Each structure stands twice: as structure tokens, then as C-alpha cells.
Amino acid sequence: SSSESVGEKLDYKITGIDPGAGIMQATEKAIDEYGLEDWTVTSGSSAAMTAALKKAYDAEEPIIVTGWTPHWKFAEYDLKYLEDPKGVYGGEEEIHTIGRLGLKEDMPEAHQILSNFNWSEDDMGAVMIEIKDGEKPEVAAQNWIDANPEKVAEWTDGVEKVDGDKIKLAYVAWDSEIASTNVMKLVLEDIGYDVTMSQVEAGPMWTAVADGSADASLAAWLPLTHATYAKEFDGKFEDLGISMTGVKIGLVVPTYMEIDSIEDLAK
Ligand code: PBE
């Protein structure tokens, strides 16, 4: 009934994603800092989270998800971030490309392209939406490349072709990183690389770059989201630069929900 609190309606559950995601650690911290001891964040995957969001949204039921921007869900549904007055989820985040130590010496061409890589929220959004609509990730990536030759040319400007050198890109199955990693795979293949995409969890992704079993990853969210990993592996990876600024993580709800702030969950 309408006299039920949002917590009662939701059985005090926030719909989370894969346990290694930085946003999961931030949500545990939010539960702690906002005094939400009745609440838990469930773990699952990005795909399970978006399925739960769709189900709730279609029925106009309440739901709270761990969300981030860029993500196609904001184009698909009317959603809002819950205000975070304590700043637990940080502010403007950045997506960084990270490489293993020695990459520059071993694969200067890939190192150059990965360092040059940057694109906009709209660029990534175009790839994400096509994948969400059922297109194969590599086809959506190729469509974006075909439509944006001048952007790709900026990343590959002056880079010489290689002859089948093997390179491994580690990523997590987050919609944003499925998009970026598929685009980079095709760009590197065009230069002549033999590219493997290795899908892992967040911890193993950072570990792989730090121990050199992966060459690079496009999925490092900083300064806050992956701060624990960046600190743990400090000195064991190279930050190849920022591919996107102004990205964000937080708790996200449909706009039809009457709450506006994480503080409202304590009521
Ligand atoms: N995300 C998407 C990741 C980084 C990219 C926000 C789900 C995370 O929380 O670690």
C-alpha cells in the first residue's frame, strides 16, 4: 500500500551488478555512511540488472539499481540519480585506458593508438544502443567506425602497420566497456594486430594488466570507482590516459519514484 516505505516495498534491496565492480564497493559504503543497515545490495551482472530494471519499469514498480553514465538505460527509460549529499559515489569520473608495463617497448604502435583513444558519450552511446537493440557487438562497433572515420584516423594518425602481433584486451561485461573494447579490437585489427578480447571480472582485469597476462584494458574508471584496484596495483601498470571525462556512478531510480536522495532510504 502507499503507506509502505520504499524500503518495505523493495524488501530493502538495491539491485546491484557483478561483485567486483567499483560501484558495488561504493554502494556498501553508502549503506554504511547513510545508516542504511536494513538494506542490502544484491549482486548479479549488468545484464541481470537491466532485465530487472525493465521488468520493474514496465510495471511501474519501484526499483533502485546501481547505475552509471554513459549507459543506454537513460535513453530507454525516464530515470534519475538519487542525490548523494555525502559524495560517496564521487563526482565526475573518468574512463582511463591502462596498459601493462613494457607495452610501449614491445608494441609501440598499439601503445600509441591506445594512448590516443578518446571518444564522447554520444559515440559510445551509439554503439551501446545498437547492441541493446540486438546487433552483434562487433557489427555495432564496425558501424560506428564506418560512420566516424575521422575519429579513428585521429587515434591511428602516423601509426605504422604491424604484422599479426598478438595483443590481449581485458574487459568486464559492462555495457559501456563491451562497446569500447569492441571498437578498439577492430581498430587494432585494421593496423594488423591479432586481437583477443578477454572477458573477466573487475579484480582479475586489473590483475591481468598488472601481471602482464593482458596487454591493456579500456575499462578503468577513476579516480574513485576503481581506486581500490589502482592503489593495490600502483606502479604495476601504466595509465595510458583518459578516453572519456564526465562519467558518473550512483544509485538510479525511475522518475516515477517519489524519493530524490539516498538519505530518503533511511526513512
Ligand atoms: N561500472 C561500469 C563499473 C565501471 C564501468 C560503473 C559498472 C564499476 O562500477 O566498476
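Whatever order the structure lists ligands and atoms in, that order sets their numbers, starting from 1. Everything quoted here is computed from the prediction, not taken from an experiment.
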Fill in the blank from the handout: re atom 8 (C) of ligand 1, the protein heavy-atom contact at minimum distance is Gly22 N, 3.3 Å
Problem - Any donor-acceptor pair under 3.5 Å from Asp211 side chain to Ser213 backbone - result: yes
Exercise for the section: Kindly say whether Ser120 contributes a backbone atom to a donor-acceptor pair with the side chain of Asp123 at under 3.5 angstrom? Expected result: yes
Fill in the blank from the handout: Numbered in order shown, the ligand 1 atoms found under 4.0 Å of a heavy atom of His226 are 4 (C), 8 (C), 10 (O)
Exercise for the section: Answer yes or no for Glu177: is there a heavy-atom contact with ligand 1 below 4.0 Å? Expected result: yes
Handout entry: Thr225 N/O under 3.5 Å from ligand 1 N/O
Key = no
Exercise for the section: Could you find the nearest protein heavy atom to atom 9 (O) of ligand 1 and give me its residue, atom name and distance? Expected result: Ile23 N, 2.9 Å
Exercise for the section: Report the part of Thr66 in contact with ligand 1, treating N, CA, C, O as backbone and CB onward as side chain, heavy atoms under 4.0 Å; options are side chain, backbone, both, neither. Expected result: neither
Problem - Interfacing atoms of ligand 1 (cut-off 4.0 Å, heavy-atom, Ile17) - result: 7 (C)
Practice task
Measure from NZ or CZ of Lys166 to the centre of the six-membered ring of Tyr193, then state whether that distance is under 6.0 Å and the direction lies within 45° of the axis.
Solution key: no
Handout entry: Sidechain N-carboxylate O distance under 4.0 Å for Asp215, Arg100
Key = yes
Problem - Check: Trp119 ring centre within less than 6.0 Å of Phe117 ring centre - result: yes
Handout entry: Met197-Val139 co-clustered via ILVMFWY side chain contacts under 4.5 Å
Key = no
Handout entry: Residue among Thr15, Leu265, Val252 satisfying side chain to side chain contact (heavy atoms under 4.5 Å, CB included) with Ile64
Key = Leu265
Completion exercise
Nearest non-hydrogen protein atom to atom 1 (N) of ligand 1, with distance, is Trp68 CD2, 3.9 Å
Fill in the blank from the handout: Filtering Trp221, Tyr229, Tyr171 for the heavy atom nearest atom 5 (C) of ligand 1 leaves Trp221
Exercise for the section: Determine whether the side chain, the backbone, both or neither of Ile249 has a heavy atom under 4.0 Å from any heavy atom of ligand 1. Expected result: side chain
